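Comments concern the structure below.
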Protein chains: 2
Amino acid sequence: MLIERPKSITTQVSDLLAERIRSQEYAPGSRLPSESDLALQLGVSRATVRSALARLATQGLVLRKQGNGTYVNAHLESFPSSAGGLWNFLRLIEFSGREPSIRVLSRAVRPALESEIESLALQESDPVFFLQRVFFADDIPAVLAGNAIPVSSLRQPPEECDGQLPIDEFIVRYCNAKIAYDIFDICAILPDAETQDVLQLQADQPILQLRQVFYDGQNEPLLCGSSAYNEKLLGLRLVQSWS
Amino acid sequence: MLIERPKSITTQVSDLLAERIRSQEYAPGSRLPSESDLALQLGVSRATVRSALARLATQGLVLRKQGNGTYVNAHLESFPSSAGGLWNFLRLIEFSGREPSIRVLSRAVRPALESEIESLALQESDPVFFLQRVFFADDIPAVLAGNAIPVSSLRQPPEECDGQLPIDEFIVRYCNAKIAYDIFDICAILPDAETQDVLQLQADQPILQLRQVFYDGQNEPLLCGSSAYNEKLLGLRLVQSWS
DNA sequence: CAGTGGTCTAGACCACCCA
DNA sequence: GGGTGGTCTAGACCACTGC
């Protein structure tokens, strides 16, 4: 087996193993080859194999038993979020087996709201670019997401920005920055009139609200957002490993 | 600096560094000593320091910048859950700076509900031990949690079990098992009458519901639970690193 | 007892940042 | 160019599992 060098050997190994699991080459519940076997087989060191397996273990894809072996998790019905990226609604919809699409509802420059001033550490009424979108799963509206970006950090006029991009690519492309980490707050709300309308909900059907702030490597806030998340449709599931 | 051997050097190092951060010995926003410096200072290898730092980075405690250094995250207002353990309400309450306590509402053996039969892979109407508790933060009720454990996996009569234990210790003590991982589903609900009463809520105030299933190393379900979580009081916050 | 994963070390080279 | 984190290697020893 040959491993190309360009992108992180560890990543290549974990991707390869994940692929073998998804394709059932390693069947659910079965034992993987030992770390040393894999290392030999792939021509990498055992440490590298271990990093790759550790990644899969934190995603819940694989279970490790000391003195025994590494097993494919048989409870894999689904595993979005957690390691996968709670922020990437396109990917979440894809994982759930549906066809994702985006509709841009509005894109406008307006003064920052109070909550945005605080989240983004702005001055009073600095302008932000507000991008509001609906994420569809098989043409059913699943998420109503609004994101606010300080106009000062955009490298292009907002009109020229592609509203279809996932938020991380948007940041890379138009803000020339990379997201280092993000903080999510989850709460339960009753949908307002607009949300009810867009997501086709009853007024008394509570939904999840995800409030996010993304930071760059300098620890400066890049973007904040608030999403109404129809978990009846998508499911919000976390896997936690107890290493 | 002397590092005792008994428990994982990596853990000791990350605990030590976390402590230095919390005590502001490493101030918010400041740069930590380099990996090599720390390795020398603590008398361990650089690889060990790196594992420890990696752990802190995934918790959002620390930011790493290639070619530059490792910095204390200045946005540390709070960071429960994610790495910390969403399941451990006592710890979450403690982290939020309040005094946690538990009241046992009911402890009973009853036939498994349909959802429990499915989650726990039981036979029809196998008996389960149902433990219902309220978690208080400074005497304000924050979480109403119900857990169901198959009676067949208890080593002691249910009456003799300590209802004050965190669920993982409960499992270790009374089921002689260790939790390998758990799966969380989060959704938004309107509280039923009992929940309204216990958590002192209005009928139209939506709350979070956490449904959990815990599995052991054999990938067998150990326990399932459903909790009503007052996020207005506790906050449900996740930190995601974008390595 | 042999085989597995868990931990740790020492040393190497690279990519990136900044003065 | 010098220092930093990012990656990888090779080899060692330990703890646990199951036969």
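Here the structure is a predicted model, which is why all the values come from computation and not from measurement. Residue numbering restarts at 1 for every chain, and letters A, B, ... go by the order of the sequence lines.
Residue Leu17(B) forms a side-chain contact (heavy atoms from CB on, under 4.5 Å) with just one option from Leu56(B), Val72(B), Val62(B), and that option is Leu56(B).
The aromatic rings of Phe129(A) and Phe170(A) lie parallel to each other, with less than 30° between the two planes, well short of the 60° mark. Ring geometry for Phe214(B) against Phe184(B) counts as perpendicular: the plane angle is over 60°, on a 0 to 90° scale with 30° as the lower cut.
For residues 145-165 of chain A, there are no salt bridge (charged side-chain N to carboxylate O under 4.0 Å, His left out) pairs, not counting sequence neighbours.
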Inset, instruction - Mark up nucleotides 14-19 of chain D, 5' to 3', with B wherever a protein heavy atom is under 4.0 angstrom from a base atom, S wherever such an atom reaches only the sugar-phosphate, and - elsewhere. - result: -BBBS-

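The shortest side-chain heavy-atom distance between Asn219(B) and Asn73(A) falls under the 4.5 Å cut-off. A 4.5 Å side-chain heavy-atom check between Leu234(A) and Phe135(A) finds every atom pair outside the cut-off.
The side chain of Ile9(B) sits closest to dC8(C) out of dC8(D), dG5(D), dC8(C).
If you take CG on Asp182(A) and SG on Cys224(A), they are separated by 12.5 Å, rounding to the nearest 0.5 Å. Rounded to the nearest 0.5 Å, atoms CZ (Arg173(B)) and SG (Cys175(B)) are 12.0 Å apart.
Atom CG in Leu38(B) sits roughly 12 Å away from atom C1' in dT4(D) (whole-Å rounding). Between the C1' atom of dT4(D) and the CG atom of Leu63(B) lies a distance of 15 Å, rounded to the nearest Å. In this structure, the CG atom of Leu40(A) is 14 Å from the P atom of dG3(C), given to the nearest Å. Following rounding to the nearest Å, Arg31(B) (CZ) and dC17(C) (C1') show an atom-to-atom distance of 10 Å. Rounded to an integer number of Å, the gap from CZ of Arg55(B) to P of dG6(C) is 13 Å. Following rounding to the nearest Å, Arg50(A) (CZ) and dC13(D) (C1') show an atom-to-atom distance of 13 Å. The separation between Glu35(B) atom CD and dC17(C) atom P is 16 Å, rounded to whole Å. Taking atom CG of Leu53(A) as the reference point, atom C1' of dT7(C) lies 15 Å away to the nearest angstrom.
Note on Thr10(B): every side-chain N or O is 4.0 Å or more away from OP1 and OP2 of dT7(C).
Contacts of Ser36(B) with the nucleic acid, taken as non-hydrogen atoms under 4.0 Å apart, are absent. Heavy atoms of Ser51(A) sit nowhere under 4.0 angstrom from any nucleic acid atom.
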I'd like a list of close polar pairs between nucleotides 10-12 of chain C and the protein, N/O only, cut-off under 3.5 Å.
| residue | atom | partner | partner atom | Å |
| --- | --- | --- | --- | --- |
| dA12(C) | N6 | Arg46(B) | NH1 | 3.2 |

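Checking side-chain atoms of Arg107(A) against main-chain N and O of Pro158(A) turns up a donor-acceptor pair under 3.5 Å.
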